[in-house]
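Data block below; observations after.
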Amino acid sequence: MSQTLPSGSLSGKTALVTGSSRGIGADTVRYFAEAGANVVINFRNKAPRAEKLAAQLRELGVEALVVGADLTDPASVQAMFDEVERTFGGLDILVLNASGGMESGMAEDYALLLNRDAQVNVLETALPLLRDDARVVFVTSHQAHFIRTTPTMPEYEPVALSKRAGEDALRERIPALEERGIGFTVVSGDMIEGTITATLLERANPGAIAARREDAGKLYNVSEFAAEVARAAVDPVPAENTRLVGDTASFGGE
């Protein structure tokens, strides 16, 4: 994994990435630590993996706090941020990366609960800790971002609709964030090879990844996409607060 942010560029800063014990979240939090930030690794049920990652990042000379939280449980979210405040006093970067909805055995409204309601609650709960020049990044997919104009696979549609609902709800808070000087960026990516979502889609719809790769010409892998997420937290906020990663030619307008 190559370094994406200049070494030391985030010294003295603190970054929290939801769902960061594995995948895109883990690589994103690693990029922040490599740039000198103290980091908060959030997980739902992968404690050993989160602790292993934290141990690796501490070797870089930064502090790494591991906090388990169920993002759909407001009390659990509040407890997470209470621990962040006790440890670091505040927060400079919040990356809303955790999402889901394709898991089996969940309630019918789980996707909306996690991808919309929980995202808004995490941001609202974090607000008192966010420093006045903080940055918030929401991670989504083209399949969700463009769902209003471009159909997606039936297996993914409930997730896509719920993630777009979450994006819309968060965007409503941009004026209030800007009043405090807090930047907000949506990072939307094409299908990412190696993610849990891509694996589940491939299982439900064999050949989906190869077909999308052929259409797009290239698919980003986890590390490459995580680098874009990390950069979104430090680069100037883009037009329309949106950073598109990967091919968008086969998607209609928003």
Side-chain angles (χ1 to χ4, degrees), residues 1-43 50-67 80-81 83-98 122-123 126-140 170 174 177-189 192 194 220-246:
M1 208 166 115
S2 59
Q3 190 164 331
T4 180
L5 305 175
S7 179
S9 61
L10 292 179
S11 293
K13 304 282 190 182
T14 300
L16 184 153
V17 181
T18 63
S20 48
S21 66
R22 62 181 178 184
I24 292 164
D27 280 4
T28 301
V29 92
R30 187 184 298 276
Y31 285 130
F32 289 147
E34 287 176 347
N38 296 319
V39 295
V40 183
I41 300 167
N42 158 251
F43 69 95
E51 292 289 358
K52 181 179 179 181
L53 175 62
Q56 294 170 354
L57 300 187
R58 291 181 189 119
E59 292 178 4
L60 299 171
V62 303
E63 289 188 62
L65 174 67
V66 177
V67 190
M80 173 174 71
F81 284 112
E83 196 163 344
V84 172
E85 184 173 24
R86 281 193 298 272
T87 305
F88 297 117
L91 205 53
D92 302 283
I93 296 170
L94 172 64
V95 177
L96 300 168
N97 165 71
V122 169
L123 176 58
L127 276 177
L129 293 187
L130 291 177
R131 299 187 171 105
D132 286 348
D133 59 349
R135 298 292 295 274
V136 178
V137 176
F138 175 67
V139 182
T140 189
L170 291 166
I174 290 175
L177 294 172
E178 288 179 341
E179 278 184 22
R180 284 186 48 190
I182 298 171
F184 176 85
T185 300
V186 171
V187 180
S188 177
I192 309 299
Y220 280 64
N221 63 31
V222 168
S223 179
E224 291 168 334
F225 183 64
E228 296 287 339
V229 174
R231 279 195 287 267
V234 297
D235 286 352
V237 175
E240 308 298 326
N241 300 81
T242 307
R243 185 182 186 115
L244 299 173
V245 180

- Message: Tell me whether Ser20 contacts the main-chain N or O of Asn42 through its side chain, where contact means a donor paired with an acceptor under 3.5 Å.
- Response: yes
- Query: How long is the span from the CZ atom in Phe88 to the CG atom in Leu129, to the nearest 0.5 Å?
  - Reply: 11.5 Å
Extract all donor-acceptor atom pairs below 3.5 Å that involve side chains of residues 54-66 and protein atoms in other chains or at least two apart in sequence.
unit_1, atom_1, unit_2, atom_2, d
Gln56, OE1, Arg30, NH2, 2.8
Arg58, NE, Ala64, O, 3.3
Arg58, NH2, Ala64, O, 2.6

- Query: Is there a side-chain contact between Ile93 and Leu16 (heavy atoms, below 4.5 Å)?
  - Reply: no
- Message: List the residues meeting side-chain hydrogen bond (donor to acceptor under 3.5 Å, both in side chains) with Asp92, not counting sequence neighbours, and say none if there are none.
- Response: Arg131
- Item | Set of residues satisfying salt bridge (charged side-chain N to carboxylate O under 4.0 Å, His left out) with respect to Glu228, sequence neighbours excluded | Arg231, Arg243
- Message: For a side-chain contact (heavy atoms from CB on, under 4.5 Å) check, start with the C-alpha distance between Leu94 and Val137, then their side-chain angles and the critical distance, and finish with the verdict.
- Response: CA-CA 6 Å; Leu94 172 64; Val137 176; over 6 Å; no
- Task: For residues Phe32 and Val95, determine if any side-chain heavy atom of one lies less than 4.5 Å from a side-chain heavy atom of the other.
- Result: yes
- Do Val237 and Phe184 have side-chain heavy atoms sitting under 4.5 Å apart? no
- Query: Just by modelled atom types, is the Thr185 backbone N or O under 3.5 Å from a matching donor or acceptor in the Asn241 side chain?
  - Reply: no
- Task: Could I get the full list of side chain to side chain contact (heavy atoms under 4.5 Å, CB included) partners for Ser9, not counting sequence neighbours?
- Result: Leu5, Pro6, Ala35
- Task: State, with a plain yes or no, whether a side-chain heavy atom of Val136 is found less than 4.5 Å away from one of Ile182.
- Result: yes
- Message: According to side-chain hydrogen bond (donor to acceptor under 3.5 Å, both in side chains), who are the partners of Ser188, at least two apart in sequence or on a separate chain?
- Response: His142
- Item | Check: Ala232 main-chain N/O paired with Arg135 side-chain donor or acceptor under 3.5 Å | yes
- Separation between CD1 (Ile41) and CG (Leu53), nearest 0.5 Å, reads 4.0 Å
- Interatomic spacing from CG in Leu10 to CG in Asn38 - rounded to 0.5 Å: 10.5 Å
- Check the pair Val245, Glu224 against side-chain contact (heavy atoms from CB on, under 4.5 Å), reporting the backbone distance first and the verdict last. CA-CA 10 Å; Val245 180; Glu224 291 168 334; over 6 Å; no
